[in-house]
Amino acid sequence: MHDDSFRSLIQSFITDIESITNTLSPESGSALARPCAFLRIGMIRAEVCEPPREDSVWKCENFMMFDCGNADASNELTISKSTKTGTDFIYHICGISGEQPWSDEEKNDIGILIDLLFANNEKSRLMMSNYRLTFFDQDMQVSNIKYYFKSMAELIRKGLINQYTAMYFNLRKFSGINMRLGQKQGSKVMRKFIHHIADIAGEGNTVSRFGGDNFAILCKHEYTDTVLDALMGTAVTYNEETGDRIIVSAYVGIYVVTDDMPVHSTDDVIEGAAIALAIAKRYSKDNHAFFNAEMQEKHNHQLLIHSQFPNALENEEFVVYYQPKVSTETYRIVGAEALCRWKHNGRIIPPNEFIPVLERGMDICKLDLYMLDHVCRDIRRWLDEGRDAVKVSVNLSRRHLSDSDLLKHIVEIIDRNELPHEYIEIELTETTSEVEFQNLRRVIDGLQEEGITTSVDDFGVGYSFLTLIKDLPWDTLKIDKSLIPEAEQSDQKKEALLKYVIGMSKEIGLECIAEGVETKEQEALLKTTSCNSTQGFYCDKPLPTTEFETRLDNYDYQK
Ligand code: C2E
Ligand code: MG
Ligand code: MG
């Protein structure tokens, strides 16, 4: 009779316990209640001890699985089990207060119950450690990117995501902190900082490491400001004894999910926050940026350009427009600048819509060399047709400067078109960094040796110094529109500056050309300053090839 009842209890216990996800928890209580009542058990607790790993100490943890609230601590049975990997499970089983001690038969049955419990506990432990390995960053002791996506997907599925803010952040200058404090202390500081962020981000937040010094957080809207404040700079104590502290801060891209910006997938949010982070790093003085619809549109536009570029280049959708350069003395054409236009789906797209996008990658280099090739072909044809061909300047993005084969590419293109080198000029803008300056010197020196002239484009836009320009063998200074006085108002200061720049540049042996000349008055002023030539709407807009060819044939710009 006892055996039959026990057997049927055990059978239902097996079914019940298998449906429990984490058997190393009080969740098991529901499955254990009946067999425990039958065996007069008041409490079952497992002490799980992991064998030593790096730090030579056993790590033990206690898991309460059943407690009737009336256990008798003086009547305790201890049963030890070991897994194949050396983890010890020590089960502490107590009787119920006021009850007799167990008989040998009962102890035997308790042994059977514990055997079954152990099999399930071990399964749970393996699942938990698998879960940890999958979703946890051991080093930072926070969740990882997989967990972040999982939590967000859950919020989206439950329709709760619109209560949350996602922030994607990158710690600022953390390599400097590592260098100053050492790798180990650096990691400790990072861990403390991240845990502080998690502590202040309200209930139900998720802070995850995406790798290296990149992290993300999901928190309720009302915690956005608090978290952002902390991310903008928090003092972290790295030496408890001395109290020495260091400030840790981050660049942050913020995506506040609202009903106005519906979210369909985790990618929507993460991509949005990543776009905002890129903007925060590049443009924001505050080191953070909130994602908005305008950013999304801009981003989509950029993606479209990048994706369409290879085909457009292959199909020769990029065309050269030529803007004449006119002598202030003879009013004759003395050269031209090649400017790119994109003929796409019946529309002519101006360069400011695609050049800055292409300049963010290396595609611009392909386009510039394509332009050079097309310019060389045109000039070769003009020469073959017996036209008075002029020197044409081609714009070269600064992106090329790191290419050690740039000079070889340029010369190869000009030579392939059998064009004398003096028909080509290369326009480059000034540089800001020392590394770029050294690269620029290498390129300009090389071009000079090949008999290819160079010009400084947009002089006057940045912090221009003639003294810096004198250190490189430039041929021409292109004075930007912004240095030329507007026609309507006489601007004494600007006029003086313009005269000074032209005077100085001529003194150091540079030719001068003024860009963006729009009026007769500007043209006249430039003539008095002995600027060699002008380029601007006053003489001509950038022209398609056939129209430009009419200017080559003895065209007189005197008006
Ligand atoms: P940029 O090299 O400084 O070219 C001069 C720009 O000023 C041209 O704009 C030209 O159309 C414009 N411009 C000329 N005269 C006037 C005027 O009187 N008034 C005003 N307001 N503007 C005038 P565009 O063609 O739109 O080109 C803009 C910029 O795009 C260029 O500035 C250059 O930086 C870049 N770009 C154009 N084509 C290429 C190319 O093939 N490669 C590279 N890397 N950049 C290019
Ligand atoms: Mg230019
Ligand atoms: Mg320019």
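Counting starts at 1 for both ligands and their atoms, following the listed order. We number each residue from 1, following the sequence as shown.
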Any carboxylate oxygen within less than 4.0 angstrom of a Lys/Arg side-chain nitrogen, looking at [X] and [Y]?
{"X": "K527", "Y": "E523", "answer": "no"}
{"X": "R416", "Y": "D373", "answer": "yes"}
{"X": "D139", "Y": "R191", "answer": "yes"}
{"X": "K220", "Y": "E222", "answer": "no"}
{"X": "E549", "Y": "R387", "answer": "yes"}
{"X": "K478", "Y": "E337", "answer": "yes"}
{"X": "E507", "Y": "K470", "answer": "no"}
{"X": "R381", "Y": "D384", "answer": "no"}
{"X": "R380", "Y": "E418", "answer": "no"}

Original post:
Counting backbone and side chain alike, does D458 bring an N/O/S atom below 2.8 Å of the Mg ion (ligand 2)?
Top reply: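 Not a single backbone or side-chain N, O or S atom of D458 is under 2.8 Å from the Mg ion (ligand 2).
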Can you check whether a protein heavy atom sits less than 4.0 angstrom from [atom]?
{"atom": "atom 34 (O) of ligand 1", "result": "no"}
{"atom": "atom 3 (O) of ligand 1", "result": "yes"}
{"atom": "atom 9 (O) of ligand 1", "result": "no"}
{"atom": "atom 16 (C) of ligand 1", "result": "yes"}
{"atom": "atom 22 (N) of ligand 1", "result": "yes"}

Under 3.5 Å between any N/O of [X] and any N/O of ligand 1: does that happen in this structure?
{"X": "K481", "value": "no"}
{"X": "D458", "value": "yes"}
{"X": "Q323", "value": "yes"}

Subject >> ligand 1 versus K478: contacting region, heavy-atom distance under 4.0 Å >> reply: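 For K478, there is no contact with ligand 1 at all, from either part.
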Subject >> Within reach of ligand 1, part of H374 (heavy-atom separation under 4.0 Å) >> reply: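 None of H374 does.
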Check ligand 1 against [X] and write out every atom of the ligand that is under 4.0 Å from a heavy-atom position of the residue.
{"X": "D368", "answer": "40 (C), 41 (O), 42 (N), 43 (C), 44 (N)"}
{"X": "V517", "answer": "18 (O)"}
{"X": "G536", "answer": "15 (N), 18 (O)"}
{"X": "M371", "answer": "41 (O)"}

Subject >> E337 heavy atom under 4.0 Å from ligand 1 >> reply: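 So E337 counts as touching ligand 1.
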For [atom], which protein heavy atom lies nearest, and how many Å away is it?
{"atom": "atom 5 (C) of ligand 1", "result": "E515 OE2, 3.4 Å"}
{"atom": "atom 20 (C) of ligand 1", "result": "E518 OE2, 3.3 Å"}
{"atom": "atom 39 (C) of ligand 1", "result": "I355 CD1, 3.7 Å"}
{"atom": "atom 13 (N) of ligand 1", "result": "F537 CE2, 3.8 Å"}

Subject >> Among V142, V207, I270, the one residue meeting side-chain contact (heavy atoms from CB on, under 4.5 Å) with Y148 >> reply: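 That would be I270.
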Tell me the nearest of [options] to [atom], using heavy-atom distances.
{"atom": "atom 11 (O) of ligand 1", "options": "S397, P542, C340", "value": "P542"}
{"atom": "atom 31 (C) of ligand 1", "options": "L369, N352, L339", "value": "L339"}
{"atom": "atom 30 (O) of ligand 1", "options": "G516, P350, P351", "value": "P351"}

Original post:
Are side-chain N/O atoms of D259 and N162 paired as donor and acceptor at under 3.5 Å?
Top reply: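 Yes.
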Original post:
Do we see a donor-acceptor contact under 3.5 Å between the side chains of D267 and S265?
Top reply: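 No, because no side-chain N or O of D267 sits under 3.5 Å from a partner of the opposite role on S265.
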Original post:
Is any side-chain heavy atom of K494 less than 4.5 Å from a side-chain heavy atom of L483?
Top reply: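 K494 does not reach L483 side chain to side chain.
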Subject >> Y251 ring center within less than 6.0 Å of Y168 ring center >> reply: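 Not close enough - the centres of the two rings lie 6.0 Å or further apart.
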Subject >> Opening angle between OD1 in N395 and OE2 in E337, taken at the Mg ion (ligand 2), to 10 degrees >> reply: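 Value, to the nearest 10 degrees: 90°.
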Original post:
To the nearest 10°, what's the angle at the Mg ion (ligand 2) between atoms OD2 (D457) and OE1 (E427)?
Top reply: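 Angle OD2(D457)-the Mg ion (ligand 2)-OE1(E427): 90°, rounded to 10°.
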Original post:
Within 45 degrees of the axis of the six-membered ring of Y555 and under 6.0 Å from its centre: does R551 put its NZ or CZ there?
Top reply: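 So R551 does make the cation-pi contact.
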